[in-house]
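One structure is given here, and the rest of the page talks about it.
The first residue in the sequence is number 1, and the count goes up from there. Values below: all heavy atoms of this structure, side chains included; hydrogens, waters and symmetry mates excluded.
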Amino acid sequence: MVTLSLVLLLLSVQWSWAQEDPLLPFSEHLDLEHKVQLKWGFDEIQGSILFELTVNTSGWVSFGFSPKGGMTGADIVIGGVGPKGSYFTDRHAVGNSIPVVDQQQNYKLLSLTESDGKTVMKFQRSIGSCDDNDLPITNLPMKLIYAYGQTDDITYHSTRRGTKELNLLKYMPRVNPPNTNFFDLTMVNFTVPATQTHYHCKIMKAPTFDRKQHIYRIEPFITNFDLVHHLLLYRCPVSMTEAFETECYTGNDGECMQTVAVWGVGGGAFEFPEVAGLPIGGNVGDFFYRLEVHYNNPNKSAGRVDNSGLRFYYTSELRQHDAAVLMTGLAVAPGYAIPPKAKSFLTYGLCDTAYIPTVLETPHDLQVFSVMLHTHLAGRKVRVGHFRGGKQIDLLAADENYDFEYQEVTNLGKTKTVKLGDKLLVECTYNTEIRSTLTWGGLSTSEEMCLAFLFYYPAMNLSTCISFPNVTSLGPAMGATDAATWLNMMFTKTWNDTSINQYQQTLRRIDQHVIVVNSFNNGSYNKGTLPDLSVIPSAPCMSNSATKSLALPSLLLCLAVQWASF
């Protein structure tokens, strides 16, 4: 009886796991008849990509990448379950004939099963090219090809083949759930001031719904692309009870700080994974929202009228989880400065999730699936380090070539778990070689920010998890006796490689104010120190030589993860 109960328990856990595999968040049918389904996930930090191909056949199956959509030059894997067991090979095509087996096998088979007339092949490879017969997976759309047979005799596939173009690494799902509609939250005929930088805020209500809905897609609605730098939508606390417009951060609009949606210049639409959606209506509450539009008007043009905002697509068909957004990084304030003439100056913002329980009654781990990284003009790189038990375990996200003109919410490639007690360190790299004066933290485009907006589920009433250097420690560490002396020192210092490095090391060494704030603006204020962040190297090219030895550990690891998730 105990054995039967254990089997049933494992089956139930496996069923739950099958419904939501955080390592395979993306899915597309490659054919119109829905006989061939591809699921995938990736880790750009580690340089690997994971596939699961399911085909309605008991014969051989194949999948690959093609330069032009045909066989010639294609990078292909072929596998199946035959009378003598499973088989799997990395191949390449030289023409319209059976693909040739690669001398170097660079795909790892993780599992291969056949049941109920379906073959499921799960395998992994490096994102980059491992040899001349492998095609690198890029950030551009690629032509995927597939074929399959009715038996395990690998012969001509006839019409059982096809091609589909997908952008695997920049994938944005586009679903059309039933009972769908949309609403807009925008500015209305706002005249943009003739100033270089202006933040305008509009407090308004979203449409009212009797029952909860899930927002599954957010699109920017921009009427002046040359003026609108970024959009943010915040949810207000219940204390906000009236609609109004004002310049941001000049009054009580600052009470609304629970990030709901974010868009940056150069970005496009964003769609949530099928397991999560942003909740609105019903028991979520009848909240006001604050739309913040940052207008960057370097030419100080006058009389420009703007109606920009965001469009929200929603459905009454609720998803498994409520999603939310957490703002992390360095607090936006003028108390820190980036020196001029710096080739590569680093700033840091620390989120210590150990303090989340101090502001929430029922906190839990975060399942992070997407991120938007944000700096201003001097930003060159942004990294988010992930620490557990005092050691770095990952880079949660990274942009090694940050472009101010191209900011978007990006999928991480797989769902990453941030456990309560973990630390997240947002590191921003700036270049100020062409600047002759200090660059202060602040709202203006010519000032700087260092932020990472994390999209996660299940939602919590959590607003921000940020830090700021302890200025009372910074001054004495630099030899200043008071704030005025420190300011004078910063403005009169001769900034060169030596002084820049000394200042940066001092900022890293002093303690930080770590701030965690919930949706009701109740905060926890603590002290912390910055951990050391390192770049995690990409994994070497895969080799299939370890496939057999990998199968059993992979199965045991899978069962262990499933057991832990129960």
Side-chain angles (χ1 to χ4, degrees), residues 25-28 167 170-190 200-225 227-236 240 243 245 256 258-294 305-325 369-372 407-411 453 455-459 519:
F26 311 123
S27 176
E28 280 274 356
N167 192 334
K170 295 293 183 183
Y171 180 74
M172 189 62 66
R174 186 66 189 260
V175 300
N176 293 299
N179 304 318
T180 183
N181 212 324
F182 69 86
F183 63 87
D184 296 333
L185 295 178
T186 69
M187 296 297 170
V188 177
N189 297 328
F190 173 68
H200 194 69
C201 282
K202 181 179 180 181
I203 311 295
M204 67 188 108
K205 270 194 174 182
T208 302
F209 302 99
D210 294 334
R211 54 184 290 236
K212 186 170 80 171
Q213 312 283 315
H214 264 157
I215 294 169
Y216 65 90
R217 182 178 175 87
I218 303 173
E219 289 183 352
F221 187 83
I222 311 298
T223 56
N224 291 286
F225 281 96
L227 295 180
V228 178
H229 173 261
H230 72 249
L231 303 170
L232 283 164
L233 186 73
Y234 299 94
R235 193 177 75 184
C236 301
M240 185 65 68
E245 287 188 50
C256 311
Q258 170 67 64
T259 307
V260 174
V262 56
W263 173 87
V265 60
F270 173 75
E271 192 151 319
F272 289 82
E274 292 189 34
V275 298
L278 281 175
I280 192 169
N283 60 6
V284 177
D286 192 16
F287 292 99
F288 278 82
Y289 292 83
R290 172 168 71 97
L291 176 64
E292 172 185 307
V293 181
H294 175 193
V305 176
D306 188 68
N307 292 281
S308 297
L310 295 166
R311 174 165 290 179
F312 299 87
Y313 291 84
Y314 63 92
T315 176
S316 58
E317 300 294 323
L318 298 183
R319 298 182 169 193
Q320 186 175 352
H321 300 289
D322 289 345
V325 183
F369 56 87
S370 294
V371 64
M372 180 178 174
Q407 303 179 44
E408 62 177 345
V409 180
T410 58
N411 291 313
F453 296 89
F455 288 68
Y456 72 95
Y457 63 81
S519 302

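Minimum interatomic distance between Val262 and Leu232 (heavy atoms only, all atoms of both residues): CG2-CD2, 3.3 Å. Counting all heavy atoms, side chain and backbone alike, Tyr234 lies closest to Glu292 at CE1-OE1, 3.4 Å. Closest approach of Ile203 and Met240 over heavy atoms only: CG2-CG, 4.0 Å. Taking each heavy atom of Pro458 and His321 in turn, the nearest pair found is CG-ND1, 4.0 Å. In terms of heavy-atom proximity, Asn179 sits nearest to Glu317 at ND2-OE2, 2.9 Å.
Partner of Val305 under the side chain to side chain contact (heavy atoms under 4.5 Å, CB included) criterion, chosen from Val188, Asn189, Asn224: Asn189.
Two rings, from Tyr314 and Phe183, have their centers less than 6.0 Å apart. Note: Tyr457 and Phe455 fail the aromatic proximity criterion, with ring centroids not under 6.0 Å apart.
Defined by atom type and a distance below 3.5 Å, a donor-acceptor pair is missing between the side-chain atoms of Tyr456 and Ser370. For the residue pair His200/Asp306, the side-chain donor-acceptor check at 3.5 Å is not satisfied. In summary, the side chains of Tyr171 and Glu28 do present a donor paired with an acceptor at a separation below 3.5 Å, with no hydrogens or angles considered.
Annotation: cation-pi pair Arg235/Tyr289 absent, no NZ/CZ under 6.0 Å from the ring centroid and within 45° of its normal.
With hydrogens and angles disregarded, a donor-acceptor distance shorter than 3.5 Å links the side chain of Lys202 to the backbone of Thr186. In this structure, the side chain of Glu271 engages the main chain of Val175 through a donor-acceptor pair within 3.5 Å. Side-chain N or O atoms of Gln213 include one that pairs as donor or acceptor with a backbone N or O of Ser316 at under 3.5 Å.
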